[in-house]
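Notes follow the structure.
All values below were derived from every heavy atom in this structure, side-chain atoms included, with hydrogens, water molecules and symmetry-related copies excluded. Numbers here simply count residues along the sequence, with the first being 1. All ligand and atom numbering here is 1-based and tracks the order in the structure.
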Amino acid sequence: MPRGIPSATVSRLVTYLRILGQLEQDQIGRTSSDQLAGEAQVSAFQVRKDLAYFGSFGRRGSGYEVASLRRELRRILGLNRAWNVAIVGMGRLGQALADYPQLDQYDFKLVAGFDIDPAKVGQVAGGLRIHHLDELDRLVNELAVDIAFLTVPVEAAQAAADGIARAGIAGILNFVPTVINVPAGVRVEPVDFLAGLKRLAFFLTTLALPEEAAAGTAA
Ligand code: NAD
């Protein structure tokens, strides 16, 4: 995998993959950068540029074969294998995620939950057994955990992330609205629901403004 791929490119690859999955479901055999661009709401140039980081796909003028481009994108994104996921923090959000149906359909398999609340440890939520966080080190290898969902309160986030990194888990999907520091070799992807709401408030405010005022806001 080439290094230095912009994170926005990776996000768009995920979008292209979703579109290709839909095309395959609709039994459409071929597609083009124009079609992918239209569905992904980017330019065809952007699609070609994103794909060019990884080699050449398809033939000039004849577009791409849906199944083979989909297979390539899955390989590039690391989705040609299953990823084992543990949830650290089995409160409201952790339990809702444990209940998420068929995550394994998307190549991610929930294998365990972790918490520090004695009332939760030993319970089963959404089919997931909840272990004490102290067990993380021991169970990471046994359960082959690759990724942790971090769903603890803000004040517990850094310590929990330290424990996750120490246990050897290299990927954290961070649902906690705070920045966490991790050692080199550990990747954190934030899922910031509050930031999304604030961006939405900005765009709704801007849309509601008369044109000149909106131009002033954008400046
Ligand atoms: P919650 O209080 O219901 O659950 C937090 C859980 O984390 C509890 O079970 C607690 O015992 C556990 N915990 C505390 N310290 C821990 C530690 N060191 N290690 C392991 N577990 C620990 O909170 P929640 O509503 O599920 O939210 C969890 C996080 O997700 C918060 O940071 C919140 O801001 C964020 N979040 C929540 C929602 C939501 O809709 N509930 C949405 C987006 C983001």
Distance under 4.0 Å to a non-hydrogen atom of Ala156: what atoms of ligand 1 satisfy this?
15 (N), 18 (N)

Specify the protein heavy atom at minimum distance from atom 31 (C) of ligand 1: its residue, its atom name, and the distance to 0.1 Å.
Val152 O, 3.3 Å

Per-atom contacts of ligand 1 with Leu133, taking only distances under 4.0 Å to non-hydrogen atoms
19 (N)

When distances are taken from atom 6 (C) of ligand 1, the protein heavy atom at minimum range is Gly91 N, 3.6 Å

Interatomic distance, Phe175 atom CZ to Ile87 atom CD1 [nearest 0.5 angstrom]
8.0 Å

Flag, side chain of Asp146 to backbone of Trp83, donor-acceptor distance under 3.5 Å:
no

Quick one: which of Asp115, Asp162, Ile87 has a heavy atom closest to atom 12 (C) of ligand 1?
Asp115

Specify the protein heavy atom at minimum distance from atom 2 (O) of ligand 1: its residue, its atom name, and the distance to 0.1 Å.
Arg92 NH2, 3.8 Å

Just by distance, no angles: are the side chains of Asp50 and Gln46 close enough, under 3.5 Å, to form a donor-acceptor pair?
yes

For Asp117, the ligand 1 atoms with a heavy-atom partner under 4.0 Å come out as 11 (O)

Between the main-chain N or O of Leu143 and the side-chain N or O of Asn84, is there a donor-acceptor pair closer than 3.5 Å?
yes

the protein heavy atom lying closest to atom 35 (C) of ligand 1 turns out to be Phe175 O, 3.5 Å

Check the pair Leu23 / Gln35 against side chain to side chain contact (heavy atoms under 4.5 Å, CB included), numbers first and verdict last.
CA-CA 10 Å; Leu23 291 173; Gln35 183 176 28; 3.7 Å; yes

Under a 4.0 angstrom heavy-atom cut-off, which atoms of ligand 1 come close to Lys120?
8 (C), 9 (O)

Considering residues, nucleotides and ligands other than Gln27, do more than 12 of their heavy atoms fall under 6.0 Å from its CD?
no

Val176 contact mode with ligand 1 (heavy-atom cut-off under 4.0 Å)
both

For atom 40 (O) of ligand 1, is the nearest protein heavy atom closer than 4.0 Å?
no

for atom 30 (O) of ligand 1, nearest protein heavy atom and its distance come out as Leu93 CD2, 3.5 Å

Who gets closest to atom 5 (C) of ligand 1 by heavy atom: Pro153, Pro177, Gly89, Pro118?
Pro153

The residue among Arg138, His131, His132 that forms side-chain hydrogen bond (donor to acceptor under 3.5 Å, both in side chains) with Glu135 is Arg138

Do Leu139 and Val111 belong to the same hydrophobic cluster, where Ile, Leu, Val, Met, Phe, Trp and Tyr are linked whenever their side-chain heavy atoms lie under 4.5 Å apart, directly or via other members?
yes

Do Tyr16 and Val42 make a side-chain contact, defined as non-hydrogen atoms from C-beta onward lying under 4.5 Å apart?
yes

The closest protein heavy-atom partner of atom 43 (C) of ligand 1 is Phe193 CD2, 3.4 Å

What's the verdict on side-chain hydrogen bond (donor to acceptor under 3.5 Å, both in side chains) for Gln22 and Asp26, showing C-alpha distance, side-chain angles and the deciding distance?
CA-CA 6 Å; Gln22 188 58 55; Asp26 297 343; 3.3 Å; yes

Have a look at ligand 1 and work out which part of Met90, if any, has a heavy atom under 4.0 Å from it: side chain, backbone, both or neither.
backbone

So which protein heavy atom does atom 28 (C) of ligand 1 come closest to, and at what separation?
Thr151 O, 3.4 Å

